[in-house]
Amino acid sequence: MSVSLETIRSLCKRRGFVFPSSEIYGGLESIWDYGPLGVELKNNIKRAWWRAVVYERDDIEGLDAAILMNRLVWKYSGHEETFSDPLVDCRECKRRFRADDVLEESLNRAAEAISAPLEEASRWMAEVSAFFEELEQRERERGRVPGRRALIAQALQDPEIQEQLRRRAPMPESLLRPLPPMDSEPMRAWVEALERIAPLLRERLEAIRVIEASFGRTYESDGHLLQRTIVTYRPWTTDLLRASWNELFVFLNEKKALRCPHCGAMGAFTPPRRFNLMFKTFMGPVEEESALIYLRPETAQGIFVNFLNVLTSARRKLPFGIAQIGKAFRNEITPGQFLFRVREFEQMEIEYFVPPGEDERWFEHWVEERFRWYLRLGFRAENLRRREQSPEELAHYSKRTVDIEYRFPMGWGEIEGIANRTDYDLRAHSKSDPRNEHSTDDLTYFDPGKSSHITPYVIEPSAGVDRIFLALLCDAYHEETVRGEKRVVLRLHRDLAPVKVAVFPLLRNRSELVELAQRIAADLRRVVPGRVVYDDTASIGRLYRRQDEIGTPYCVTVDVQSLSDEQVTIRDRDTMEQVRLPIARLGDYFAEQFRREASLVG
């Protein structure tokens, strides 16, 4: 079932997963504290990742680099110059916004003005994209690597492929209806704006034209095709809009097509300007330019500058990787969407060093390896996808990037990115780079086969703990009706569940039941690899519902009969089935349920 972000936020606050930070003083925007259950789930995610990428492999070492680093690290990594967001101010209300957020709101309004079925279009586009991703994968397996748009234009010349597309992604009735005349001001302005960047869009427009033809639609003018693109094919144009945001923003602002999200003023924005996202602080007692340092905006640079240290101390040969989990900080201008975009977050990153020329093979390996990991965590496959970034989206250091995205309540969003960073970072931090005046060493690897030093290429799988946390809660959340009452249950993988086993006495006013239940809980804590809790603060029905809502896989109930037959009732969260088991066998039973060799977290 789909769940709203507000429902997840309410659950997190009520049950102790996540709290607003500094709440008694009004909180701090987009800063969150993880409560008793939240810290357990978060730690389990990190343990599962560490086990998968370090303990279950023989080619990765661990690292925990400092948050504070020499300022020169960020100068030569490019962050001081390029790590920024576009900002605009409203001249009427004096509020500040990200320019790309204002553009997105305007584009949504343009589509809504003609009653465009955006949700249906989004779902249909997801199916179309999945169809062509599978087609592209088959081509890669055959050794052919055409571009996505070229592949579409080529493949849809085949009537059989057209029919396969129509069967896989039948176009909803709402999308088959002709678009209304282009008489709404926002839509007209957006079509004119896109015509200004038509050369960038040409290849994609041709691919869209071919897909539309497969469904029996043709377009006499580019204007009508652009209107259809805005309504139906927006995921294929978002990156180009971001790449051209400055030109589009200035044009649309002059056309009074951009509305202030706060006061509603039209066309009242200042020209966009860049704002660096790194938090600044000072090292030492004097706040002067020479003492300026940054809170790291990513963990990767700590790995790169320690490349030689790990290489020599661990006696590694290529290929090998370095894994790290740690906090990062970004001064986001418009954070939000609960845990999705925050200013303080935790990353799980691998920098995997490979010989030049082998980078594509290892890139494909890590895309598949990381996608499979999310399936192991219990994510539903239909809520995950791989999306390759277009050339316009790629970071300055990236040769190729694939994002693993989850279908959040607010739409598809990245939870991990796998990037081919080439040799950009190791070269940038090497003294042999003519642009680097301060490094004391070359970050190279001596290749015994070639009897020479080489600069390795780097494949970087980078995952966000907080976003995975949010995605897991959204994916696991279920509501159902049991005996006329609503039952909320988190179907988390049992290895990730914050509480593994809950033990209750059926009657809390019977001291002998309470003592027995507390003794059983204490004994299980020595066996179960995770939290075992005792609870007697409500009726048995309420206790079950409370544990269902936080994802506890097993509940043990001690009843009056337990005093005589020395057996207890074990209830399964997912099936709700109950079995009686001797108390003496509980340790063996739960040791089997949480076997270390089969565990995600070890």
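Atom CG of Leu496 sits about 10.0 Å away from atom CZ of Arg47, to the nearest 0.5 Å. In this structure, CZ in Arg407 is found 9.5 Å from CG in Leu384, a value given to the nearest 0.5 Å. Leu473 contributes atom CG, which lies 10.5 Å from atom CG of Leu5 (distance to the nearest 0.5 angstrom). Considering OG of Ser22 and CD of Glu29, their distance stands at 13.0 Å, rounded to 0.5 Å. One finds the CD atom of Glu247 at 10.0 Å from the CG atom of Leu252 (value rounded to the nearest 0.5 Å). Here the straight-line distance linking atom CD1 of Ile45 with atom CG of Leu600 works out to 11.0 Å at 0.5 Å rounding.
Relative to the ring axis of Phe363, Arg400 does not place its NZ or CZ within 45° and under 6.0 Å from the centre. Annotation: cation-pi pair Arg387/Trp412 absent, no NZ/CZ under 6.0 Å from the ring centroid and within 45° of its normal.
Taking a cutoff of 4.0 Å between a charged side-chain nitrogen and a carboxylate oxygen, Asp442 and Lys431 do not qualify as a salt bridge. By the 4.0 Å N-to-carboxylate-O rule, Arg315 lies too far from Glu61 to be salt-bridged with it. Salt bridge annotation for Glu206-Arg202: absent, with no cationic side-chain nitrogen under 4.0 angstrom from a carboxylate oxygen. Salt-bridge check for Glu369 with Arg372: passed, with a basic side-chain N closer than 4.0 Å to an acidic carboxylate O. Between Arg385 and Asp403 there is no salt bridge, since no side-chain nitrogen of the basic residue lies less than 4.0 Å from a carboxylate oxygen of the acidic one. Comment: Glu437 does not engage Lys75 in a salt bridge, judged by the lack of any side-chain N to carboxylate O separation of less than 4.0 angstrom.
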Show, in sequence, the C-alpha distance, side-chain angles and deciding distance for Phe282 and Leu292, and conclude whether the side-chain contact (heavy atoms from CB on, under 4.5 Å) test is met. CA-CA 5 Å; Phe282 296 91; Leu292 175 66; 4.3 Å; yes
Run Asp359 and Lys399 through side-chain contact (heavy atoms from CB on, under 4.5 Å) and show every step you take. CA-CA 10 Å; Asp359 52 305; Lys399 174 182 175 182; 2.9 Å; yes
CA sep, side-chain torsions, deciding dist, call: Ser290, Glu288, side chain to side chain donor-acceptor pair (under 3.5 Å): CA-CA 6 Å; Ser290 62; Glu288 58 187 10; 3.0 Å; yes
For salt bridge (charged side-chain N to carboxylate O under 4.0 Å, His left out), just list the numbers for Glu289 and Arg71, CA-CA rounded to whole Å, side-chain angles, deciding distance to a tenth of an Å, and then say yes or no. CA-CA 11 Å; Glu289 180 68 15; Arg71 181 181 176 182; 2.9 Å; yes
ring-ring contact (aromatic ring centres under 6.0 Å, His included) for Phe249 and Phe269? Distances and angles first, verdict last. CA-CA 9 Å; Phe249 193 96; Phe269 291 104; 5.6 Å; yes
Take Glu298 and Trp74 through the side-chain contact (heavy atoms from CB on, under 4.5 Å) test and state the conclusion after the steps. CA-CA 10 Å; Glu298 65 176 26; Trp74 307 111; 4.2 Å; yes
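Side-chain contact between Met278 and Asn331 is absent, with no heavy-atom pair separated by less than 4.5 Å. A 4.5 Å side-chain heavy-atom check between Val354 and Leu318 finds every atom pair outside the cut-off. Contact of the Val53 side chain with the Met348 side chain is not registered, since no non-hydrogen atoms from C-beta on lie closer than 4.5 Å. The shortest distance between side-chain heavy atoms of Leu68 and Leu295 falls below 4.5 Å. Between Thr422 and Tyr397, the closest side-chain pair of non-hydrogen atoms is not below 4.5 Å. Residues Leu201 and Leu194 have side chains in contact (heavy-atom distance under 4.5 Å, counting atoms from C-beta outward). Counting heavy atoms from C-beta outward, Trp366 and Asn420 have side chains that stay 4.5 Å or more apart. Counting only heavy atoms from C-beta outward, the side chains of Leu226 and Leu205 approach each other to under 4.5 Å.
Shortest non-hydrogen contact noted between Gly302 and Met69 is CA-CE, 3.6 Å. Shortest non-hydrogen contact noted between Cys474 and Ile8 is SG-CG1, 4.0 Å. Of all heavy-atom pairs between Arg9 and Trp32, the closest is NH1-CH2, 3.4 Å. Phe408 and Gly413 get closest at one heavy-atom pair: CE1-O, 3.7 Å. Nearest heavy-atom pair across Pro498 and Leu41 is CG-CB, 4.1 Å. Minimum heavy-atom separation, Phe304 to Glu351: CZ-OE1, 3.3 Å.
Counting only distance, with no hydrogens or angles, the side chain of Asn436 and the backbone of Ala428 share a donor-acceptor pair below 3.5 Å. Under a 3.5 Å cut-off, the side chain of Arg343 and the backbone N or O of Ser30 do not form any donor-acceptor pair. Side-chain atoms of Ser430 come within 3.5 Å of backbone atoms of Leu443 as a donor-acceptor pair (strictly under, hydrogens ignored). A donor-acceptor contact shorter than 3.5 Å is absent between the side chain of Ser106 and the backbone of Val102. Distance alone, capped at 3.5 Å, places no donor-acceptor pair between the Arg296 side chain and the Ala328 backbone. Proximity of a side-chain donor or acceptor of Arg51 to a complementary backbone N or O of Ser599 within less than 3.5 Å is detected. Using a distance-only test at 3.5 Å, with no hydrogens or angles considered, a donor-acceptor pair links the side chain of Thr270 to the main chain of Asp89.
Under the side chain to side chain donor-acceptor pair (under 3.5 Å) test applied with Tyr76, the options Arg435, His438, His429 reduce to a single match, His438. Looking at Glu346, Glu344, Glu349 one by one, the single match for salt bridge (charged side-chain N to carboxylate O under 4.0 Å, His left out) with Lys327 turns out to be Glu344. Screening Glu368, Glu416, Glu136, Glu133 against Arg386 for a salt bridge (charged side-chain N to carboxylate O under 4.0 Å, His left out) leaves a single residue, Glu368.
Checked against the 6.0 Å centroid criterion, the rings of His396 and Tyr424 qualify as a close aromatic pair. Remark: aromatic rings of Phe469 and Tyr34 are close, center separation under 6.0 Å.
Residue Phe275 qualifies as enclosed at atom CZ: its count of foreign heavy atoms under 6.0 Å is above 12. Within a 6.0 Å sphere centred on CD of Glu195, other residues, nucleotides and ligands contribute more than 12 heavy atoms. By the 6.0 Å contact criterion, CZ on Arg273 is enclosed, its count of non-hydrogen atoms from other residues, nucleotides or ligands being greater than 12.
Listed by first and then second residue, the salt bridge (Lys or Arg N to Asp or Glu O under 4.0 Å) pairs that reach into residues 446-458 come to none, sequence neighbours excluded.
Looking only at atom types and distance, the side chain of Glu80 has no donor-acceptor partner in the side chain of Asn276 under 3.5 Å away.
Partners of Arg330 by side chain to side chain donor-acceptor pair (under 3.5 Å), not counting sequence neighbours: none found.
Taking the six-membered ring where the residue is Trp, Phe320 and Phe353 present tilted rings, their angle falling between 30° and 60°.
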